[in-house]
Amino acid sequence: MSRPFRNTMKIKQQDLKVLSNKKIAPGHYVIELESEVLCKAAPGQFVQILTDHDQDPLLPRPFSFLDTGKKTLRILYQVVGKGTRLMSLKTPGSALRILGPLGNGFSMSWKRTPSNIVVIGGGVGIPPLYHLVKTFVEKPSLGIKKDQIHVFLGARTKDFLHCEQDLKKLGVHLNVATDDGSKGHQGVVTELADKFLSSTKQIEVMIYACGPTPMLKSSSVLAREHGVRCELSVEEPMPCGFGACLGCAVKIKDGKGYRFAMSCTEGPVFQADEILWD
Amino acid sequence: MGLDLSVNLGKLKLQNPVLVASGTFGYAKEFERFFDLKQLGGIVTKTLTLKPRIGNPPQRVHETPSGMLNAIGLQNVGVEVFIKDKLPYLSRLGIPLIASVMGYSVDEFVKVVEALNDHKGIDGFELNLSCPNVEYSNAHEEPMDRPAKMFAHDESMILNVVNSVRQATDKTVIAKLGPDVSDVGKMALAAQKGGADAVSLINTFIAMSLDIKTQKPVLKNITGGLSGPCIRPIAVRMVWEVARAVKIPVIGMGGIMNANDVLEFMIAGAACVQVGTANFINPTACPQILSDLKSYMKQAKINTLSKVVGTVKGVK
């Protein structure tokens with residue numbers, strides 16, 4: 001079995017310079033930050049961002065990467081509460097307190113190289129998957145050709161099919177679904193992935209999924225039914241991000257029983273078959 | 001002349017008054033990448049129980065205005081694994097190490113303390129009398145000395161458990177008090193009478209948040225412990241009340257984020273403090289606080305920080 005990428009990088013808290021911060025869809029922004037070190041982070045890893053130093057909001061919030069360049073990284077985020085609202089007001093030249101890189105990313109090396117990569121992403125779960133797909137396409141040494149990558153994106157409505165154009169540019173297979181039918185298949189995206197998995201004769205498929213919990217559950221079911229490997233990136237409320245508070249618990253198998261794993265230090269990427277859903 | 005930040009706590013001498021609070025610093029190793037842990041006044045471990053505990057199911061945490069609600073459920077490795085896997089590292093740090101301990105009965109408290117007492121590197125015990133997240137009552141088949149509510153809520157139970165632990169160890173014994181009582185001074189007096197070397201306060205407040213859409217509690221455990229700056233003014237008031245009531249040293253805590261907060265607690269009567277939730281937000285909060293305390297001392301021309309303790313003015 002493959003294991004997710006393990007974080008071996010030095011974790012630091014520092015103030016990073018904001019280079020740009022643009023609205024890309026209603027309530028959604030992409031912020032660009034300057035950091036040479038964090039650019040070495042792997043797809044699926046994350047940072048903790050503290051938007052305020054005045055104790056309200058008190059805690060930082062976790063964000064995965066949209067992509068990384070040589071000296072800059074981008075984060076796609078949705079304005080949900082006070083912290084992300086303050087984040088959306090950050091102007092170029094201002095600073096943001098960042099702790100990272102944290103957590104373990106998606107597998108990018110295997111004993112058996114997959115014949116097909118299936119990527120299932122929903123809403124703000126799409127960015128780390130775009131980061132992953134982009135990395136595969138830009139690094140041929142990883143052994144995955146763009147023709148082997150099948151991306152399935154889902155969203156409430158077409159405005160939130162993040163990275164759709166960028167993924168098209170990468171030249172991978174792309175399928176979309178929206179709840180309201182404003183673009184692509186009307187319904188949930190896992191239905192599209194199910195059709196593909198049923199039609200393909202390839203058995204060495206690897207699924208990567210990130211998005212809302214019902215989507216992650218369906219992706220696990222798909223993987224089990226089709227007998228293929230699957231990695232999920234989960235999102236839990238996370239006060240610290242480095243294993244101190246024990247807040248971000250995920251119920252996983254442990255021998256015949258179960259235990260609570262910390263999604264910050266053992267995840268956020270887990271093998272789909274280790275997670276026990278309620 | 002050098003600055004003196006030292007504090008006496010029972011038999012323990014601390015190099016400075018900044019300790020880290022139980023449950024907010026892991027087993028310390030999680031923080032070694034951020035700063036030299038030897039700078040700390042002391043470490044209070046995650047609460048240890050006789051047997052390992054897997055903790056509560058998620059959701060375990062929730063942010064509230066300037067605060068944090070948690071119901072971790074005392075997830076810990078248990079005393080046996082702690083001694084084997086965690087203590088060697090902690091004892092090598094060479095700074096005072098306080099083991100936070102909890103039992104479901106007086107007898108179990110004593111057993112946990114006895115299991116740890118002879119091990120090198122443990123300098124004292126903080127009795128967690130007030131963890132709000134664990135079911136204490138299970139009426140049937142429970143021995144009579146097993147309390148139906150928290151130890152921290154009853155003077156006689158505090159007296160009993162502190163006294164029993166006192167018989168079991170010569171090391172420093174600290175009673176950690178809970179805030180959900182009408183007269184915290186009385187609880188502190190019971191701990192003093194039981195033979196505690198110090199009292200620490202306050203633990204988190206029992207609190208609750210609801211999701212108005214689902215109409216369900218946000219935390220799976222229903223209630224949780226509230227910490228962070230939102231509880232600080234209440235904590236300061238309680239430290240002030242307790243410091244007036246007892247003769248033993250008081251360890252203050254509750255939403256300490258910076259050096260000014262430390263000074264506020266010390267002026268109210270705390271001999272030293274514990275920093276908790278701040279460690280999650282800024283893993284270098286403690287060394288920052290220490291550096292700022294030294295700057296304050298230089299600026300205010302104070303050579304001995306302990307002179308600040310209990311200097312609250314304008315009150316009788």
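Atom set for the values below is all heavy atoms of this structure, side chains included, hydrogens, waters and symmetry mates excluded.
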If you count heavy atoms of other groups shown closer than 6.0 angstrom to [atom1] of [X], is the number above 12?
X: B:Glu80; atom1: CD; value: no
X: B:Phe35; atom1: CZ; value: yes
X: A:Lys217; atom1: NZ; value: yes
X: B:Ile222; atom1: CD1; value: no
X: A:Asp278; atom1: CG; value: no
X: A:Lys251; atom1: NZ; value: yes

- Count the heavy-atom pairs under 4.5 Å between each of B:Gly26, B:Gly255, B:Pro229 and chain A, then report the option with the highest count.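 The candidate making the most pairs under 4.5 Å is B:Pro229.
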- Message: If you count heavy-atom pairs within less than 4.5 Å of chain A, which of B:Glu30, B:Arg33, B:His62, B:Met257 leads?
- Response: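 Result: the option with the highest number of such pairs is B:Arg33.
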- Task: Please name the pair of heavy atoms, one in B:Pro57 and one in A:Phe260, separated by the smallest distance, quoted to 0.1 Å.
- Result: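 So the two residues come closest at CA-CZ, 3.4 Å.
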- Which atom of A:Ala249 lies closest to which atom of B:Pro58, heavy atoms considered: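 Closest heavy-atom pair between A:Ala249 and B:Pro58: O-CG, 3.4 Å.
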- So which of A:Lys12, A:Glu236, A:Gln13 has the largest heavy-atom pair count under 4.5 angstrom toward chain B?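 Going by pairs under 4.5 Å, I would pick A:Gln13.
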- Option that, when pairs with chain B are counted at under 4.5 Å, heavy atom only, ranks first among A:Leu246, A:Asp56, A:Leu99: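 Top option by heavy-atom pairs under 4.5 Å: A:Leu246.
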Measuring heavy-atom distances to chain A, does [X] have an atom under 4.5 Å in its side chain, in its backbone, in both, or in neither?
X: B:Lys46; value: side chain
X: B:Thr24; value: backbone
X: B:Phe31; value: side chain
X: B:Thr64; value: neither

To the nearest 0.5 Å, what is the distance between [atom1] ([X]) and [atom2] ([Y])?
X: A:Leu50; Y: B:Ile281; atom1: CG; atom2: CD1; answer: 7.0 Å
X: A:Asp254; Y: B:Ile54; atom1: CG; atom2: CD1; answer: 9.0 Å
X: A:Leu58; Y: B:Met68; atom1: CG; atom2: CE; answer: 8.5 Å
X: A:Cys245; Y: B:Asn279; atom1: SG; atom2: CG; answer: 11.0 Å

Find out whether [X] and [Y] are in side-chain contact, i.e. whether some heavy atom of one side chain is under 4.5 Å from a heavy atom of the other.
X: A:Arg259; Y: B:Gln75; value: no
X: A:Gln55; Y: B:Asn258; value: yes
X: A:Ile11; Y: B:Phe34; value: yes
X: A:Pro237; Y: B:Gln59; value: yes

- Message: Under 4.5 Å from any heavy atom of chain B, what part of A:Lys10 do you find: side chain, backbone, both or neither?
- Response: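 Side chain only.
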